[in-house]
There are 2 protein chains.
Amino acid sequence: MSSDASIVVGLNAVIVAVTKESPRILTMSGNSTDPFFGDPLWSGGSLDLLPYGPLDPEADRTLELTLRGWVRERTGLELGYVEQLYTFGDRNRGPRKHPQEVPRVISVAYLALVREGPPSGTAVARWRDWYTYFPWEDWRDGPPRAIAEGITSAIQDWIESADGDRRRAERRERAGISFGLEGSDWDPDRVLDRYEILYELGLVTEARRDADGEVETVEGSAASELGRPMDMDHRRILATGLGRIRGKLRYRPVVFELLPDTFTLLRLQRVVEALAGVRLHKQNFRRLVERGGLVEGTGELDTRTGGRPAELFRFRREVLRERRAPGLGLPPGR
Amino acid sequence: MSSDASIVVGLNAVIVAVTKESPRILTMSGNSTDPFFGDPLWSGGSLDLLPYGPLDPEADRTLELTLRGWVRERTGLELGYVEQLYTFGDRNRGPRKHPQEVPRVISVAYLALVREGPPSGTAVARWRDWYTYFPWEDWRDGPPRAIAEGITSAIQDWIESADGDRRRAERRERAGISFGLEGSDWDPDRVLDRYEILYELGLVTEARRDADGEVETVEGSAASELGRPMDMDHRRILATGLGRIRGKLRYRPVVFELLPDTFTLLRLQRVVEALAGVRLHKQNFRRLVERGGLVEGTGELDTRTGGRPAELFRFRREVLRERRAPGLGLPPGR
DNA sequence: CTGTATTATACTCATCGTGAGCACAAGAGG
DNA sequence: CCTCTTGTGCTCACGATGAGTATAATACAG
């Protein structure tokens with residue numbers, strides 16, 4: 001039963017780190033012919049890819065161990081927090097080049113957090129700021145240009161162009177919830193919803209590629225594109241990961257996986273803001289984090305702050321036992 | 001790459017309904033030779049199973065549609081809310097009967113909610129109260145007997161029997177968080193954590209089965225067992241589903257998928273309590289639900305309440321746009 | 001060595017959500 | 001008519017949260 005050879009199972013990884021105030025993910029260029037990572041037989045060509053590894057049925061006992069193993073081997077990175085993200089198994093994921101020749105691909109995607117460090121292993125991988133792929137998700141310096149120029153009006157057109165009042169209302173509601181229009185707040189977690197709407201609107205390259213057959217985006221061309229595209233459905237996977245980590249921040253102390261052992265409170269805040277794509281109130285953030293028992297001061301000070309020296313803090317692991325949902329950041333909204 | 005025939009991909013479903021105050025899941029008896037559901041070639045034998053269906057690579061476009069399709073076909077049920085739960089792919093899932101002959105099985109598990117109704121299709125399926133499988137999870141009438149008689153003391157023994165202070169402290173912490181001992185609250189969501197500890201303790205049948213080779217549990221025997229066992233790792237999958245739905249209740253209005261169009265507030269509360277396994281404060285629940293805009297009254301009254309007639313309410317879908325996390329129930333704790 | 005910029009940290013205040021209860025309303029059944 | 005049962009409105013205390021003011025401690029320019 002279903003041991004048909006036309007099913008392929010692989011693992012994908014969204015590997016996140018934060019450098020300074022920039023959230024980064026590990027990607028590989030599609031041109032690489034890395035024999036282990038990638039090798040996208042049925043992919044589009046030169047576009048970016050998420051790290052990919054096939055599943056060896058004889059290999060490690062668990063999927064997670066398999067993932068940790070090949071990431072270590074190929075990049076030298078030791079993954080900290082790892083969680084399963086989602087399993088993608090729909091047909092027609094990616095360009096419809098030779099639909100009939102393409103096997104059914106089941107990708108089990110994982111989200112992983114690492115402390116920053118250069119990729120050092122055998123793979124051709126590099127860190128990129130994730131807002132390169134999702135420029136409309138970064139609200140730290142006010143509404144992103146992508147939103148102001150184009151997205152909002154494109155959405156209005158899309159709403160107006162629906163057939164009938166009912167469909168129009170549906171679109172209005174959906175867009176409103178996702179993009180925080182008409183009374184709704186902009187919810188940082190809804191990354192996937194937003195990407196999918198933009199896909200439907202044909203505003204991301206992948207949409208046209210999947211529809212028209214093939215659009216080889218040369219580096220630098222299509223300057224008007226919304227964000228850097230990825231191969232296959234990897235940007236969708238990335239959107240899923242981004243949304244997941246933003247949600248997780250609220251109720252699990254996962255940020256600390258991205259930070260060194262000790263850090264100032266501002267550093268912590270900047271990392272949270274980088275992930276959330278939103279600015280936070282400094283004093284309240286401090287209160288939340290200290291009074292919530294998430295951190296404890298080491299007596300030491302960091303003098304490289306530029307102003308008054310800041311105390312260095314460390315994560316209090318005990319908090320896991322004490323509080324139910326020891327997360328932080330991300331205002332709950334209305 | 002990995003199109004090896006020794007990988008098998010299938011779908012599992014945790015299908016939930018609530019009858020009166022009893023949360024139920026759809027299970028099948030392992031003895032059935034249903035040609036579609038089940039047919040557990042490498043399973044243990046007579047134990048209960050979750051609905052299972054192989055993945056046909058040629059079939060439906062998405063995994064979720066495949067699932068909806070075969071559930072409709074075999075049980076006549078139209079699934080409401082469906083979400084992907086987790087993908088299980090570890091080796092050695094289930095009895096080690098013939099380890100070498102067993103293919104690597106990747107199971108994509110889904111959580112689905114339905115309004116109650118008898119299974120009517122071609123499959124040999126039946127509803128069971130899920131606390132049959134997890135008797136220690138039902139705190140609606142105070143601490144469950146399973147906790148009082150046995151579990152607590154077994155955990156104490158387990159903690160004491162660890163090698164060294166460090167390991168002892170680790171076990172104490174882990175058990176404390178999971179079972180709400182020593183200052184921690186009992187968190188309804190941690191269903192999987194608890195099941196895994198009981199598994200490690202050897203208190204659930206599956207643990208001994210997996211270790212010893214084979215323990216065929218005859219109906220009625222092993223009265224001292226903690227809960228009704230299931231085949232393979234299906235009880236683990238079920239625990240995952242139970243935990244997920246409890247967590248989801250907090251921030252998504254999923255309960256309404258289990259209720260008829262109109263209902264009294266007490267009915268709603270009972271359903272939430274059934275899922276959460278915890279009693280809630282009536283007046284506050286009412287306030288939460290009404291002032292949160294989750295429901296709206298229809299003028300009608302239900303006179304079959306036993307006391308004063310209660311107003312019938314309906315779910316307000318608009319709430320999805322208005323509030324960020326329109327969930328309910330489950331006290332946040334400490 | 002003085003002022004200014006920059007960051008760190010303490011404290012206040014209004015508001016709102018939530019846990020816990022009291023009180024009363026409106027039916028059914030003896 | 002009394003009592004039981006369920007439904008519904010309201011209060012009160014407390015803690016979490018959003019927003020802002022004030023002050024401390026450093027670097028650096030002039």
Side-chain angles (χ1 to χ4, degrees), chain A residues 20-21 185 249-251 262-273 276 278-313 319 322-334, chain B residues 20-21 185-186 188 249-251 262-273 276 278-313 319 322-334:
Chain A
K20 309 259 184 192
E21 307 194 5
D185 283 337
L249 279 181
R250 286 222 179 71
Y251 61 97
T262 65
F263 44 82
T264 68
L265 292 184
L266 187 58
R267 181 92 181 329
L268 174 62
Q269 183 179 342
R270 292 293 179 234
V271 172
V272 172
E273 289 172 341
V278 161
R279 289 262 171 246
L280 302 172
H281 181 112
K282 194 167 170 180
Q283 293 93 321
N284 290 345
F285 181 82
R286 173 188 198 79
R287 178 179 62 189
L288 186 71
V289 129
E290 273 195 294
R291 306 236 309 223
L294 278 162
V295 298
E296 63 190 353
T298 73
E300 300 160 84
L301 295 180
D302 184 346
T303 55
R304 298 161 306 174
T305 50
R308 171 175 170 177
E311 185 171 6
L312 287 166
F313 288 79
V319 76
E322 297 163 4
R323 290 183 56 212
R324 170 102 77 211
L328 45 87
L330 293 257
R334 53 167 63 235
Chain B
K20 308 261 183 191
E21 309 194 5
D185 283 337
W186 190 82
L249 278 181
R250 285 220 180 72
Y251 60 97
T262 66
F263 44 83
T264 68
L265 292 184
L266 187 58
R267 180 87 152 49
L268 174 62
Q269 182 178 345
R270 293 294 180 232
V271 172
V272 171
E273 288 173 340
V278 162
R279 287 261 172 248
L280 302 172
H281 181 111
K282 193 167 170 179
Q283 294 93 319
N284 289 348
F285 180 82
R286 172 191 198 78
R287 179 179 61 191
L288 187 71
V289 129
E290 273 196 294
R291 305 238 307 224
L294 279 161
V295 298
E296 64 190 353
T298 74
E300 298 161 83
L301 296 179
D302 184 347
T303 53
R304 298 159 306 173
T305 51
R308 170 176 168 177
E311 186 170 7
L312 287 167
F313 288 78
V319 76
E322 296 163 2
R323 290 184 54 212
R324 171 102 78 213
L328 43 88
L330 292 256
R334 61 166 51 237

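In the text below, chain A, chain B and the rest are named by the order of the sequence lines, each starting its count at 1.
DNA chain D is contacted by both B:Asn284 and A:Arg291; B:Asn284 maps to the nucleotide lying nearer its 5′ end (nearest heavy atom per residue). Remark on DNA chain C: of its neighbouring residues B:Gly306 and A:Arg267, the 5'-side contact belongs to A:Arg267, judged by nearest-heavy-atom nucleotide.
Counting only heavy atoms from C-beta on, A:Pro309 has its side chain closest to D:dA25 among D:dA25, C:dG27, C:dT7.
Judged by distance alone with a 3.5 Å cut-off, a donor-acceptor contact links the side chain of A:Arg308 to the base of C:dA8. Side chain A:Gln283 to base D:dT21: a donor-acceptor pair is found below 3.5 Å.
Side-chain nitrogen and oxygen atoms of B:Lys282 include at least one within less than 4.0 Å of the OP1 or OP2 phosphate oxygen of D:dG7.
Between A:His281 atom NE2 and C:dC11 atom P there is a gap of 15 Å when expressed in whole angstrom units. The distance between atom CZ of B:Arg270 and atom P of D:dT5, rounded to the nearest whole Å, is 13 Å. For the pair B:Leu294 CG and C:dG17 P, the computed distance is 13 Å after rounding to whole Å. Taking atom CZ of A:Phe285 as the reference point, atom P of C:dT9 lies 13 Å away to the nearest angstrom. The distance between atom CZ of A:Arg304 and atom P of C:dA8, rounded to the nearest whole Å, is 12 Å. Residue B:Leu301 contributes atom CG, which lies 8 Å from atom P of C:dG27 at whole-angstrom precision. Between A:Leu288 atom CG and D:dG15 atom P there is a gap of 17 Å when expressed in whole angstrom units. Between B:Arg279 atom CZ and C:dG21 atom C1' there is a gap of 19 Å when expressed in whole angstrom units.
Note: B:Glu21 CD to B:Leu266 CG = 7.5 Å, rounded to the nearest 0.5 Å. Annotation: the span from A:Arg270 atom CZ to A:Arg279 atom CZ amounts to 5.0 Å, rounded to 0.5 Å. Taken from OH in B:Tyr251 to CZ in A:Arg250, the straight-line distance is 10.5 Å, to the nearest 0.5 Å.
Using a 4.0 Å heavy-atom cutoff across all strands shown, B:Glu311 reaches sugar-phosphate atoms only and no base atom. Among the protein residues, B:Arg287 comes within range of the nucleic acid bases, having at least one heavy atom under 4.0 Å from a base atom.
Residues B:Phe313 and B:Leu294 are not in side-chain contact: their nearest non-hydrogen atoms beyond the backbone lie 4.5 Å or more apart.
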Q. Run the side-chain contact (heavy atoms from CB on, under 4.5 Å) check on A:Val271 and A:Phe263 step by step: do they pass?
A. CA-CA 11 Å; A:Val271 172; A:Phe263 44 82; over 6 Å; no
